[in-house]
Amino acid sequence: MAATDDAAVSKDGLVIPLIDFAKFLHGTAEERAATARAILDGFQTAGFIYLRNHAIPTDVLRNAFSRSADFFDLPLDAKLAVGWTTPEANRGYSSPGREKVSQLLDSADIDKVRSAAPDLKESFEIGRESDPRFANPWPSEDGEGGRRLNGFRADMLDFHARCQAMHRDVMRAIAMGMGLPDGFFEPFVDVGDNTLRLLHYPAVNADVFKVNPGQVRAGEHSDYGSVTLLFQDSRGGLQVKSPTGQFVDATPIEGTVVINAGDLLARWSNDTIKSTIHRVVEPPRKEGVEYPPRYSIAYFCNPNSDSFIETLPGTYVSPQDKKYGGINSGEYLVQRLTATY
């Protein structure tokens with residue numbers, strides 16, 4: 001049986017495969033190899049894949065979304081008390097309009113775009129709990145105000161760990177697909193310097209998008225790291241840029257995780273893997289005069305912060321074919337985040 005099912009998305013030259021990940025996790029040697037090739041091919045052609053039959057149970061995922069809603073329901077002052085501080089830490093709460101995702105690299109240029117059309121979202125970032133340099137700013141779970149968040153920290157750390165395990169499995173599949181040893185990426189990703197981001201796109205009057213044609217919930221951008229695991233609710237709004245330059249709906253499919261390659265993996269692979277532009281716009285359906293709120297959970301995967309990233313074997317013939325010099329992973333990500341906030 002094929003590792004790739006019918007395409008999750010097929011429009012305007014963009015084909016995003018729907019892949020049965022169980023065949024890599026539990027299949028025969030032949031099924032694992034075929035699934036690895038399908039995953040790599042998806043990243044090389046579309047930059048995006050959908051995985052079904054992954055290892056995160058439905059009830060765990062449902063609980064993560066529920067706890068995310070609990071956090072965003074807190075009063076603003078309680079959320080600001082655990083506010084995002086620095087690109088180096090990359091932890092804490094960001095209020096609507098603070099972050100402006102963009103392909104621009106100059107902070108002054110991003111400020112101009114942010115002023116014209118701020119992203120209509122708020123987020124909460126959770127990093128590796130064991131990082132000796134930076135602590136996660138957790139909301140209180142004590143007293144009347146914190147009662148609704150009882151167990152929030154434990155639930156989020158559990159979900160972070162499950163996503164880290166999926167990240168390592170996906171990187172094993174990429175290595176196998178590229179003809180590298182199964183554990184090639186393990187020394188680069190074993191620490192887990194990744195970021196779990198809870199995202200809330202508040203309900204908004206439909207007229208907002210009519211009055212300002214440039215208004216979106218999250219501007220067009222590529223992600224910065226190796227891969228991103230994205231769990232969507234049923235609202236929709238995620239769009240991926242096709243080879244023809246059109247934005248195509250990446251419609252939610254229940255029980256799947258959407259995974260896209262980031263800029264650092266594209267660089268690492270000598271651009272044989274694509275980091276594709278995407279954005280979040282108003283969802284396909286509105287309720288009355290409003291577009292309803294949207295929740296998503298993104299897990300941004302990166303090489304260990306002290307990893308030195310050089311062009312992967314097999315992606316070049318001679319040193320002259322390398323498009324990029326080596327770079328420290330942590331320094332690269334801080335550089336990108338500094339421009340964004």
Sub-4.5 Å side-chain heavy-atom contact between [X] and [Y]:
X      : Y      : result
Thr315 : Met178 : yes
Val280 : Gln239 : no
Val189 : His167 : yes
Leu238 : Leu230 : yes
Leu120 : Val208 : yes
Asp190 : Arg168 : yes
Leu333 : Ser329 : yes
Arg91  : Ile126 : no

Quick one: do [X] and [Y] end up in the same hydrophobic cluster if we chain Ile, Leu, Val, Met, Phe, Trp and Tyr together by side-chain heavy atoms under 4.5 Å apart?
X      : Y      : value
Phe71  : Val60  : yes
Met166 : Phe300 : no
Ile277 : Val15  : no
Tyr324 : Ile174 : no
Phe134 : Leu196 : no

Between Phe231 and the options Tyr50, Phe159, Tyr299, the ring pair (Phe, Tyr, Trp, His ring centres under 6.0 Å) test singles out Phe159
I'd like to know if the side chain of [X] reaches the main chain of [Y], judged simply by a donor and an acceptor atom lying under 3.5 Å from each other, with no hydrogens or angles considered.
X      : Y      : answer
Asn270 : Thr272 : no
Asp12  : Ser242 : no
Ser275 : Asp263 : yes
Ser66  : Arg62  : no
Glu282 : Ala206 : no
Ser307 : Ile309 : no
His54  : Arg52  : no
Arg336 : Asp223 : no
Ser10  : Ala7   : no
Lys274 : Thr45  : yes

Smallest separation among heavy atoms of [X] and [Y], with atom names:
X      : Y      : answer
Leu337 : Pro87  : CD1-O, 3.7 Å
Asn302 : Gly225 : OD1-CA, 3.4 Å
Pro303 : Leu264 : CD-CD2, 3.6 Å
Asp20  : Asn53  : OD1-ND2, 3.0 Å
Glu125 : Asn90  : CB-O, 3.5 Å
Ala36  : Ala173 : CB-O, 3.3 Å

How long is the gap from [atom1] on [X] to [atom2] on [Y], to the nearest 0.5 Å?
X      : Y      : atom1 : atom2 : answer
Asp70  : Glu141 : CG    : CD    : 10.5 Å
Arg67  : Leu149 : CZ    : CG    : 6.0 Å
Cys301 : Asp193 : SG    : CG    : 11.5 Å

The residue among Ser95, Ser94, Pro96 that forms side-chain contact (heavy atoms from CB on, under 4.5 Å) with Ser123 is Ser94
- Tell me, please, whether Tyr316 has Lys322 positioned over its six-membered ring: NZ or CZ under 6.0 Å from the ring centre and within 45 degrees of its axis? yes
### Query
Which is it for Arg294 and Gln232 under the side chain to side chain contact (heavy atoms under 4.5 Å, CB included) test, yes or no, and what are the steps along the way?
CA-CA 9 Å; Arg294 176 181 185 261; Gln232 304 188 74; 3.2 Å; yes
**Study point:** Step-by-step ring-ring contact (aromatic ring centres under 6.0 Å, His included) determination, Phe65 to Tyr295
**Key:** CA-CA 7 Å; Phe65 271 92; Tyr295 292 87; 7.5 Å; no
Excluding sequence neighbours, so at least two apart, what forms side chain to side chain donor-acceptor pair (under 3.5 Å) with [X]?
X      : answer
Ser318 : Gln320, Asp321
Glu122 : Lys79, Tyr93, His200
Asp41  : none

Residue pairs passing the ring pair (Phe, Tyr, Trp, His ring centres under 6.0 Å) test with at least one member in residues 23-46, sequence neighbours excluded, are Phe21-Phe24
Centroid-centroid distance, His278 to Phe247, less than 6.0 Å: no
Would you say the ring centers of Trp268 and Phe185 fall short of 6.0 Å from each other? yes
Ionic contact status for Asp271 with Arg267, cut-off 4.0 Å: no
Run the salt-bridge test on Arg153 and Glu129 with the 4.0 Å N-O cut-off and return the result as yes or no. yes
Determine whether the side chains of [X] and [Y] contain a donor N or O and an acceptor N or O closer than 3.5 Å.
X      : Y      : value
Tyr291 : Asn205 : no
Arg128 : Gln164 : no
Asp155 : Asn63  : yes

For this session: Start with the C-alpha distance between Arg172 and Glu186, add both sets of side-chain angles, then the distance that settles salt bridge (Lys or Arg N to Asp or Glu O under 4.0 Å), and finish with yes or no.
Result: CA-CA 8 Å; Arg172 277 193 279 271; Glu186 189 64 15; 3.6 Å; yes
Report task. Apply side chain to side chain contact (heavy atoms under 4.5 Å, CB included) to Asp6 and Leu18, showing your working. Result -> CA-CA 6 Å; Asp6 292 335; Leu18 174 60; 5.9 Å; no
>> If you apply the rule side chain to side chain contact (heavy atoms under 4.5 Å, CB included), what do you find for Val9 with Leu14, and how did you get there?
In response: CA-CA 7 Å; Val9 174; Leu14 178 71; 4.2 Å; yes
inquiry  = Let's go through Ile19 and Thr35 carefully: what are the C-alpha distance in whole Å and the side-chain angles of both, what is the deciding distance for side chain to side chain contact (heavy atoms under 4.5 Å, CB included) to 0.1 Å, and is it a yes or a no?
reply    = CA-CA 7 Å; Ile19 297 170; Thr35 306; 3.7 Å; yes
Arg37 meets the side-chain contact (heavy atoms from CB on, under 4.5 Å) criterion, sequence neighbours left out, with Ala33, Ala34
The complete set of salt bridge (charged side-chain N to carboxylate O under 4.0 Å, His left out) pairs with one or both residues in residues 241-255, sequence neighbours excluded, reads none
